[in-house]
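Worksheet: the structure to be examined is printed underneath.
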Amino acid sequence: MHDVGNGAGKENEMPGIMVFKTLADALRAGYHVYDRTDHGYLVRTRTAAGWAMAIVTCR
């Protein structure tokens, strides 16, 4: 997993969005599946500030 930086040269990443390479990594980090995407999953976890969203890219 990694927190995306400024996105320079990384066309499929977005600043501020956590990206996991496997669903197992996201689940271990406390995220839960919210929705399925064409390339993986949209996951979320509850924080003191509200919901935190992340994506899982399986391809």
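Keep in mind that what you see is a predicted model, and the values were worked out from it rather than measured.
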Close side-chain approach of V56 to V33, heavy-atom, < 4.5 Å: no

Note: C58 and G40 closest approach over all heavy atoms is SG-CA, 3.8 Å

Minimum heavy-atom separation for T45 and G30, please, with both atom names. OG1-O, 3.0 Å

Enumerate the residue pairs fulfilling ring-ring contact (aromatic ring centres under 6.0 Å, His included) with a member in residues 33-59, sequence neighbours excluded, ordered by first and then second residue. none

Report yes if some heavy atom in the side chain of L42 is under 4.5 Å from a heavy atom in the side chain of M53; otherwise report no. yes

Working to the nearest 0.5 Å, report the span between NE2 of H32 and CG of L23. 11.5 Å

Not counting sequence neighbours, which residues clear side chain to side chain donor-acceptor pair (under 3.5 Å) with T22? List them please. D25

Heavy-atom closest pair (A54 atom, I17 atom, distance to 0.1 Å) is CA-CG2, 4.5 Å

Which residue pairs satisfy the salt bridge (Lys or Arg N to Asp or Glu O under 4.0 Å) criterion with at least one member in residues 37-54, sequence neighbours excluded? none

